[in-house]
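Whatever order the structure lists ligands and atoms in, that order sets their numbers, starting from 1. Note that the structure is predicted; figures quoted are calculated from it, not measured. Values below: all heavy atoms of this structure, side chains included; hydrogens, waters and symmetry mates excluded.
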Amino acid sequence: MTAITIIPASCKTSLATIRALLSFPDPSIKLTGIYRDLSKVPHDLLSHPQFTPLQGDIDDPSLELPPTDLLFHTTPNTYTDADVFDHAKRQTENVKAAILKSATVKKVVLMSTMGAQYSSGTGELKANHAAETTISTLPLSIQKVYVRCSWFMENWASELPNLLSDKPFFYSTISPADFPFPHIAVRDIGKTCAQELLSTEPPKSNPYIFELQGRSYSSNDVKKTFEELLGREVEMRVVPKEGLLDYYRQAFSEHVAREYTEMNLSFLEGGILHLNPEPTPGGEIRRGETELKEVLEGLLQGRV
Ligand SMILES: NC(=O)c1ccc[n+]([C@@H]2O[C@H](COP(=O)([O-])OP(=O)(O)OC[C@H]3O[C@@H](n4cnc5c(N)ncnc54)[C@H](OP(=O)(O)O)[C@@H]3O)[C@@H](O)[C@H]2O)c1
């Protein structure tokens, strides 16, 4: 039997990893998903013979894990006014303490982000830096894999109400409009994390770190794809760099808006990730296969 724990299980990327693991024709895989709210367990998983949901909160220092060989973790977005790094560090310390208590974990796969190597200048991405640096302090006997993902194609879901309005439009924070930017589908993240969890190949390093990206798309490409899918003209409202803070202030508190603005600027032209990329050790980039059109079509049809 291979026991795998997914914590927290209600993140989009966690669910994609669960679905990818359950698609392997191997009944010896037993999954436990840890939810802070058990009412969030998807209906089909409740009755799946290889899946067990458990209650658990990564904010809880007394968090416990079931006996498990392999573990998937990511830091959920929290949108609170807490310090990004400190908050994520506390959560990952709780997961780390639970791993040490369980004393059964052989491998941790962490769903992380491009730019997680930086300790500052990356806004919200500092949560992933906190997670990586905390997991790295686990004993060497535990294999660690950090999957540094690019921009999720599913982020465009936030524009659905605008796109489905009488005069379709969308905002884009990727400027200028022809700036190509690597996207990745959540489904490809799930598939890659599942493969990494189940891989029995000798690790290339510990931690083993790689970037995960699909094709690059500009805001213009996104507009063209939405127009093809909707069969009508779509107005694009590109938010210039100097307008980002006001844009994020409309949705978030001042603190969160500042962190999102810093994150957004970090990957645009002139930003820390664009100008001065500290290469991921080994420089490995893996590619997802899913095209943007497929994901946007799913979003518009309510399938994602
Ligand atoms: N978006 C991007 O383009 C991008 C790119 C690269 C990396 N990332 C990284 O991806 C991560 C987010 O992944 P995601 O989008 O898969 O997550 P997500 O869907 O935003 O995760 C939200 C879920 O986390 C759960 N959660 C929040 N706090 C929790 C807690 N204390 N204990 C247990 N569960 C908790 C919530 O559960 P409930 O259902 O109970 O509310 C919620 O459903 C971030 O670290 C981000 O930096 C994002």
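Remark: Glu235 CD is packed, more than 12 non-hydrogen atoms of other residues, nucleotides or ligands lying under 6.0 Å away. Atom CD of Gln55 sits in a crowded spot, with more than 12 heavy atoms from other residues, nucleotides or ligands closer than 6.0 Å. Annotation for Lys224: atom NZ does not count as buried by contact number, only 12 or fewer foreign heavy atoms lying within 6.0 Å.
Shortest contact from atom 31 (N) of ligand 1 to any protein heavy atom: Asp57 OD1, 2.7 Å. The protein atom (non-hydrogen) at minimum distance from atom 21 (O) of ligand 1 is Cys11 SG, 3.1 Å. In terms of protein heavy-atom proximity, atom 48 (C) of ligand 1 is closest to Phe152 CZ, 3.4 Å. In this structure, atom 24 (O) of ligand 1 lies nearest to the protein heavy atom Pro76 CB, 3.2 Å. At the top of the distance list for atom 10 (O) of ligand 1, counting protein heavy atoms only, stands Met111 CE, 3.1 Å. Scanning all protein heavy atoms for the shortest distance to atom 35 (C) of ligand 1 gives Arg36 NE, 3.7 Å.
Residues Thr92 and Thr134 bring no donor and acceptor atom of their side chains to less than 3.5 Å of each other. For the residue pair Tyr146/Ser136, the side-chain donor-acceptor check at 3.5 Å is satisfied. With 3.5 Å as the limit, one finds no donor-acceptor pair spanning the side chains of Tyr247 and Asn264.
Set against the non-hydrogen atoms of Asn77, the atoms of ligand 1 under 4.0 Å away are 12 (C), 20 (O), 44 (C), 46 (C). Atom numbering of ligand 1 starts at 1 in the shown order; those under 4.0 Å from a heavy atom of Thr13 are 13 (O), 14 (P), 16 (O). Within the listing of ligand 1, atoms 7 (C) sit less than 4.0 angstrom from a heavy atom of Ser112. Residue-ligand proximity, Asp59 to ligand 1, at heavy-atom distances under 4.0 Å covers atoms 31 (N). Atom numbering of ligand 1 starts at 1 in the shown order; those under 4.0 Å from a heavy atom of Pro8 are 33 (C), 34 (N). Counting atoms of ligand 1 from 1 in the listed order, those under 4.0 Å from a heavy atom of Thr75 are 11 (C), 12 (C), 44 (C), 45 (O). For ligand 1, the atoms lying closer than 4.0 Å to a non-hydrogen atom of Thr113 are 6 (C), 7 (C). Atoms of ligand 1 lying under 4.0 Å from any heavy atom of Cys149, numbered from 1 in the order shown and given with element: 6 (C).
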Less than 3.5 Å apart, which donor and acceptor atoms pair up between the side chains of residues 205-214 and the rest of the protein, not counting sequence neighbours?
| from | atom 1 | to | atom 2 | distance (Å) |
| --- | --- | --- | --- | --- |
| Ser205 | OG | Pro207 | O | 2.9 |
| Asn206 | OD1 | Lys144 | N | 2.9 |
| Asn206 | ND2 | Leu140 | O | 3.0 |
| Asn206 | ND2 | Ile142 | O | 3.1 |
| Tyr208 | OH | Glu284 | OE1 | 2.9 |
| Tyr208 | OH | Glu284 | OE2 | 3.0 |
| Tyr208 | OH | Arg286 | NH2 | 3.0 |
| Glu211 | OE2 | Thr280 | OG1 | 2.3 |
| Gln213 | OE1 | Arg287 | NH1 | 3.2 |

Stepwise salt bridge (charged side-chain N to carboxylate O under 4.0 Å, His left out) check, Asp44 with Arg19: CA-CA 11 Å; Asp44 62 310; Arg19 297 219 183 281; 2.8 Å; yes
Step-by-step side-chain contact (heavy atoms from CB on, under 4.5 Å) determination, Met236 to Asn220: CA-CA 8 Å; Met236 177 168 68; Asn220 285 337; 3.2 Å; yes
Full working for side-chain contact (heavy atoms from CB on, under 4.5 Å) between His129 and Thr122: CA-CA 10 Å; His129 181 72; Thr122 52; over 6 Å; no
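Among Glu124, Arg90, Lys40, the residue whose heavy atom sits closest to atom 38 (P) of ligand 1 is Lys40. The option from Ser10, Ala130, Gly56, Ala9 that lies nearest to atom 42 (C) of ligand 1, judged by heavy atoms, is Ser10. Considering Thr17, Ile58, Asn128, Thr80 only, the shortest heavy-atom separation from atom 47 (O) of ligand 1 involves Asn128.
If you look at Asn155 next to ligand 1, the close heavy atoms, those under 4.0 Å, all belong to the side chain.
Residue contacts with ligand 1: Asp37 is placed with no nitrogen or oxygen under 3.5 Å of a nitrogen or oxygen of the ligand (distance criterion only). Ligand 1 has a nitrogen or oxygen under 3.5 angstrom from a nitrogen or oxygen of Lys12.
Using a 4.0 angstrom heavy-atom cutoff, Gln91 counts as in contact with ligand 1. The shortest heavy-atom distance from Ser150 to ligand 1 is under 4.0 Å.
The list of side-chain hydrogen bond (donor to acceptor under 3.5 Å, both in side chains) pairs with a residue in residues 181-193, not counting sequence neighbours, reads Trp156-His183, Arg187-Thr290, Arg187-Glu294, Asp188-Thr290, Lys191-Glu289.
Of the options Tyr217, Phe267, Phe152, a ring-ring contact (aromatic ring centres under 6.0 Å, His included) to Phe181 is made by Phe267 and by none of the others.
Salt bridge status for Glu259 with Lys126: present, with a side-chain N to carboxylate O gap under 4.0 Å.
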